[in-house]
Protein chains: 2
Amino acid sequence: MTADLTRNQNLVMKTLSGAEGPLSAYTILDRLRDDGLRAPLQVYRALDKLLEMGLVHRLESLNAFVACAHPHCHEQELIAFAICDGCGKVEEFSDDVVKERLDGWATSHRFRAAKTTIEIRGDCGGCTDRS
Amino acid sequence: MTADLTRNQNLVMKTLSGAEGPLSAYTILDRLRDDGLRAPLQVYRALDKLLEMGLVHRLESLNAFVACAHPHCHEQELIAFAICDGCGKVEEFSDDVVKERLDGWATSHRFRAAKTTIEIRGDCGGCTDRS
DNA sequence: CAATTGATGTAATGTCATAACATATAATGC
DNA sequence: GCATTATATGTTATGACATTACATCAATTG
Ligand SMILES: [Zn+2]
Ligand SMILES: [Zn+2]
Ligand SMILES: [Zn+2]
Ligand SMILES: [Zn+2]
């Protein structure tokens with residue numbers, strides 16, 4: 001797996017894949033100090049490529065990054081995230097009706113959408129139970 | 001209008017209302033230097049209150065703030081933003097079907113949503129014409 | 001009037017991201 | 001082979017966004 005990635009891309013990818021939730025670029029950097037990474041740009045450059053490839057998502061409301069949960073079918077676009085503020089876990093899902101509605105709005109307003117962000121912040125069931 | 005706001009809140013609100021598009025907190029600060037504001041915190045504190053009151057929205061994908069376009073009905077609606085990367089203009093809209101679908105997902109996954117972000121980045125009709 | 005609450009002022013710090021420049025490596029075309 | 005181009009990398013410095021900590025001031029309240 002991930003055989004076509006460069007060294008730094010591979011390091012960042014493995015860090016995100018092994019993480020329990022989203023990580024900031026600087027947290028990724030800290031976890032890769034022992035592997036020789038020294039500067040933020042090394043992480044950001046790798047993240048840029050991984051984002052292009054669809055292997056990683058950026059969570060705008062968190063300024064953090066997460067490994068894609070469904071790396072196979074990342075072509076359907078319009079991915080939504082449910083982010084638990086309690087435990088930090090992220091659920092990734094998509095909804096064709098939501099996509100249809102937003103596409104419809106864009107079309108009727110002559111807006112050419114390039115990227116759509118949908119992020120739901122709140123508490124997951126487990127965290128609601130515990131609180 | 002905005003009679004119940006404090007001095008700093010009023011300054012920030014007027015700056016955002018008079019702006020052609022979203023502004024960062026530091027840009028707001030720069031525009032209020034002559035009014036006596038000196039530190040970022042003065043702006044951020046005002047913004048926090050304005051966000052609470054629903055007079056201002058934060059655009060997560062931009063790290064910027066914009067005056068609410070419909071300050072009357074900012075109640076239970078799910079607000080979406082279309083942000084033009086060309087001219088910076090922001091359109092604010094809501095869609096009950098989108099809200100239903102996301103609420104449905106949350107309910108079926110026992111996720112208690114606190115705040116939902118929907119932001120569409122792209123190009124508006126005018127900018128598409130010009131390019 | 002003492003106590004509480006909320007707003008303000010200021011300095012310092014923390015967190016996230018990119019610019020600019022140098023070097024290295026790999027593929028491409030002649 | 002060898003110049004050309006493209007891509008990846010390493011490093012330093014800087015820019016952009018946001019909060020912590022502490023002090024002060026004014027309005028409210030019991
Ligand atoms: Zn994904
Ligand atoms: Zn949780
Ligand atoms: Zn609004
Ligand atoms: Zn535009």
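Naming convention: chains lettered A, B, ... in sequence-line order (proteins, then strands); numbering from 1 in each chain.
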Steps toward ring-ring contact (aromatic ring centres under 6.0 Å, His included) verdict (F65(B), H57(B)): CA-CA 6 Å; F65(B) 304 85; H57(B) 299 293; over 10 Å; no
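Following rounding to the nearest Å, L29(A) (CG) and dT18(C) (P) show an atom-to-atom distance of 15 Å. Note: CG (D4(A)) to C1' (dA26(C)) measures 16 Å, nearest angstrom. Across the protein-nucleic acid pair, L5(A) atom CG and dA26(C) atom P stand 17 Å apart, rounded to whole Å. Atom CG of L23(A) is separated from atom C1' of dC16(C) by 14 Å (rounded to the nearest Å). In this structure, K49(A) places its NZ atom 13 Å from C1' of dT9(D), rounding to the nearest Å. Note: CZ (R33(A)) to P (dT11(D)) measures 11 Å, nearest angstrom. In this entry the distance linking CG of N8(B) with C1' of dG9(C) reads 9 Å, nearest Å.
Judged by distance alone, with hydrogens and angles left aside, the side-chain atoms of R33(A) form a donor-acceptor pair with the main-chain N or O of R38(A) at under 3.5 Å. Without hydrogens or angle criteria, E119(A) side chain to S61(A) main chain gives a donor-acceptor distance under 3.5 Å.
Contacts of D48(A) classified as salt bridge (charged side-chain N to carboxylate O under 4.0 Å, His left out), with partners at least two apart in sequence or in another chain: none. R101(A) pairs by the salt bridge (charged side-chain N to carboxylate O under 4.0 Å, His left out) definition with D95(B), not counting sequence neighbours.
At the phosphate of dT7(D), neither OP1 nor OP2 sits under 4.0 Å from any side-chain N or O atom of T6(A).
Residues T117(B) and E60(B) bring no donor and acceptor atom of their side chains to less than 3.5 Å of each other.
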Reading 5' to 3' through nucleotides 13-25 of chain D, protein heavy-atom contacts under 4.0 Å coded B for base, S for sugar-phosphate only, - for none: ----BBBBB----
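The side chain of Q42(B) lies closest to dG9(C), out of dT9(D), dG9(C), dT11(D). Each of dT8(C), dT10(C), dG10(D) was ranked by its minimum atom distance to the side chain of R38(B); first place goes to dT10(C).
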